Amino acid sequence: EPVSEVADDAWPDLAASHVAAVVSNALPDVVVVVEDDASAGPPPPPPPTNAAAAAAPTEEEAAKEAPSSSSTKEAGPTDPEQEEDDDEANGEDMVVDPWTVSGKVDYAKLISQFGSQRLDAALLERLRRLTKTGTLHRFLRRGIFFSHRDLDKICDSVEKGVPFYLYTGRGPSSAAMHLGHLVPFVMTKWLQEAFGVPLVVQMTDDEKFLWKGEYSEAEGDYNVDHYRGLTRENAKDIIACGFDKQRTFIFSDCDYMGHMYPIVLRLWKSITYNTAKAAFGFRGESNVGQSAFPAIQAAPSFARTFPVPLRNMAPKNGSDIALANCLIPCAIDQDPYFRVTRDVAKKFAPKAHALGGKPALVHSTFFPPLQGAAGKMSASDASSAIFLTDTPDEIAQKIKTHAFSGGRETAAEQKKRGADLDVDVAFKWLTFFLEDDDELATIEREYGSGSGAYWNTNAVKNRLVEVLQDLVAEHQRRRALITEEELDEWFAVRPLHPPDLLLRRRGTTTTTPDPEEQAAPASS
């Protein structure tokens, strides 16, 4: 039966009962005995991540059950950048959690398992009508962003004059970002422009240190500063995406922690270790910082975390900024963080909050690696990715050499049967980055049928090379213009401009901060 509230000490029994139910359904002749004493031995193995749910779970059940399949995996969370499992060990089983994406991903099944909702045509049309331009981004038109939580309620609030802000982030694990990293930022930039709203960008240098940091005997210290340096390098790539500086605040967790610590503290108090362990798979060897980090990633979901940057977000003069809604564009593997966040959100917002304090989310599919359309691109494998630092020749070489083809073995067979577009990486990547819908439809028709100008793999790969060379070159040009001084301005703790929705209500298009509201140093 659906369970809306569960006592902390009931979690072990519920987990065991869940496993028993799954096994009994799959193997009706097997009798499953659940031990009453949780200390009698190790827990039974969890159901496979791709086991079909008997019914769509409630949000509370999804937060407790779906992530728990990773809680007793052989390998607990070790590195948020660890994106591939041993395929020989797992076969084609789908594994999707904040640390691992492997196997052939079934997005319809993920929606069922995670308890989210599909972005349907009616909601997309409603979203389009509410934008300033009256058009949808190609990621929405093509189903690249395909799932959501409470996006319909964000639309309700906009129609009622209640504003929202955007929250996204980046874990700085390397100096060079790749194309897959751009996907949430491209979507976020469009949302900022389409609705005229503020944005906060969390740089989780603390997270990367906790999972990947090292101690140097020679220096007698940990390499925390290495990740703080990567934060600034990655921030340049984010800024180069074209965000509105007057409405964008980029912050390092290491630098901004003093500001958000009161919210983080409340989150630590609200989320039990049983919950965190079940949701994220923490084990005895996980350091205490890893166990504490989910609350730090949750904190930006609440406007009170940003008393200065979001000062102008109050829907009415004198009202609480905590009434402002939060929308998070992210890949669906990050959803477990925010399911836990949403379960405790009512403690962090006024009762009048339109979403009960919960952040809304819009989920993307994964940007596939060059070697195949399953899983997602990895920064740890240079041959699987196009990096934003790659030269035109490197881009061409990687696409032509490594991009998995859905074309047939011979020209005759290709002309007879056409390419398998479901596995062809060059075509998949064009759906992400080729803006022209008509041209994409032409490529799909001709390559899929083996006819016309794009009948073969070389033609499609050559078109992709052109698109990516132009995209990366323009990105590099914009990034080169960003000075260290300008970077400091984006990190400065300062009031962001109000959303367009509030400016229209006030009958103005600009704001002038009071002298006492001028930017504070980024390290304050």
Side-chain angles (χ1 to χ4, degrees), residues 104-108 111 118-129 131 133-148 179-180 182-184 186-187 189-191 193-194 329 331-332 362-370 372-374 376-377 386 395-396 398-400 403-408 411-474:
K104 185 175 181 180
V105 179
D106 184 332
Y107 292 105
I111 288 176
R118 182 170 290 280
L119 264 174
D120 59 25
L123 182 54
L124 289 174
E125 173 58 21
R126 188 180 179 195
L127 193 68
R128 183 197 65 78
R129 292 198 305 267
T131 64
T133 60
T135 59
L136 290 176
H137 192 272
R138 63 181 182 273
F139 288 174
L140 294 169
R141 300 195 304 267
R142 298 170 187 172
I144 291 170
F145 275 77
F146 71 103
S147 167
H148 76 97
L179 290 178
L182 281 187
V183 171
V186 170
M187 186 74 246
K189 174 182 178 290
W190 178 83
L191 286 166
E193 291 179 344
I332 196 167
V362 58
H363 302 124
S364 74
T365 58
F366 301 119
F367 189 62
L370 282 169
K376 74 175 184 180
M377 182 177 288
I386 298 296
I395 293 171
K398 287 183 178 182
I399 296 298
K400 294 178 180 180
F404 186 84
S405 173
R408 307 302 174 179
E413 188 178 5
Q414 172 65 18
K415 290 180 178 180
K416 179 180 178 180
R417 300 174 58 195
D420 182 352
L421 302 183
D422 289 336
V423 301
D424 192 274
V425 169
F427 177 75
K428 292 282 188 183
W429 282 26
L430 284 169
T431 65
F432 279 81
F433 292 115
L434 181 61
E435 178 62 36
D436 191 319
D437 287 341
D438 292 336
E439 183 181 2
L440 184 65
T442 297
I443 295 172
E444 180 177 18
R445 181 178 65 255
E446 294 183 352
Y447 192 33
S449 64
S451 62
Y454 291 107
W455 73 273
N456 64 54
T457 297
N458 283 340
V460 177
K461 285 188 174 182
N462 287 337
R463 183 66 183 110
L464 176 62
V465 168
E466 293 172 354
V467 170
L468 296 185
Q469 285 176 337
D470 289 346
L471 183 155
V472 172
E474 176 59 19

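This is a predicted model, so every value here is computed, not measured. The basis for the numbers below is simple: all heavy atoms, side chains too, and nothing from hydrogens, waters or symmetry mates.
Between F427 and L464 there is no side-chain heavy-atom pair separated by less than 4.5 Å. Residues L127 and L119 are not in side-chain contact: their nearest non-hydrogen atoms beyond the backbone lie 4.5 Å or more apart. Within the 4.5 Å cutoff, side-chain heavy atoms of R142 are placed close to those of D437. Residues R138 and L440 are not in side-chain contact: their nearest non-hydrogen atoms beyond the backbone lie 4.5 Å or more apart. Side-chain contact between F432 and T365 is present, with heavy atoms from C-beta onward closer than 4.5 Å. Between R408 and K416 there is no side-chain heavy-atom pair separated by less than 4.5 Å. A 4.5 Å side-chain heavy-atom check between L370 and I399 finds at least one atom pair inside the cut-off. Between L434 and I443, some side-chain heavy-atom pair lies under the 4.5 Å cut-off.
The closest donor-acceptor contact from the side chain of R128 to the backbone of T135 lies at 3.5 Å or more, if one exists at all.
The line from OG1 of T131 to CZ of R126 is 13.5 Å long, rounded to the nearest 0.5 Å. Atom NZ of residue K428 and atom CG of residue D422 lie 5.5 Å apart, to the nearest 0.5 angstrom. Here OG1 of T431 is found 9.5 Å from CD of E444. Values are rounded to the nearest 0.5 Å. A distance of 4.0 Å separates CZ in R118 from CD1 in I111, rounded to the nearest 0.5 Å. Taken from CH2 in W429 to CD1 in I386, the straight-line distance is 5.0 Å, to the nearest 0.5 Å. The OH atom of Y107 sits 8.5 Å away from the CD1 atom of I332 when rounded to the nearest 0.5 Å.
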>> Please evaluate residues V183 and F145 with respect to the criterion side chain to side chain contact (heavy atoms under 4.5 Å, CB included), reporting the C-alpha separation (whole Å), side-chain torsions for both, the decisive distance (0.1 Å), and the verdict.
In response: CA-CA 10 Å; V183 171; F145 275 77; 4.1 Å; yes
>> Show, in sequence, the C-alpha distance, side-chain angles and deciding distance for N458 and K400, and conclude whether the side chain to side chain contact (heavy atoms under 4.5 Å, CB included) test is met.
In response: CA-CA 8 Å; N458 283 340; K400 294 178 180 180; over 6 Å; no
> Given T133 and E193, is the side chain to side chain contact (heavy atoms under 4.5 Å, CB included) satisfied, shown in steps?
Replying inline: CA-CA 9 Å; T133 60; E193 291 179 344; over 6 Å; no
> Given the rule in the side chain to side chain contact (heavy atoms under 4.5 Å, CB included) test, do T457 and Y447 qualify, once you have shown the distances and angles that lead to the verdict?
Replying inline: CA-CA 8 Å; T457 297; Y447 192 33; 2.8 Å; yes
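Residues F433 and F367 bring their aromatic ring centres within 6.0 Å.
Closest of all the heavy-atom pairs between P184 and P329 is CB-O, 4.2 Å. In this structure, G406 and D424 approach most closely via the heavy-atom pair N-OD2, 2.7 Å. When all heavy atoms of L136 and R141 are compared, the closest pair comes out as O-NH1, 2.6 Å. Heavy-atom minimum distance, E446 versus Y454: OE1-N, 3.0 Å. Smallest separation of non-hydrogen atoms from F139 and M187: CB-SD, 3.9 Å. Here the closest non-hydrogen pair linking L123 and H148 is CD2-NE2, 3.4 Å.
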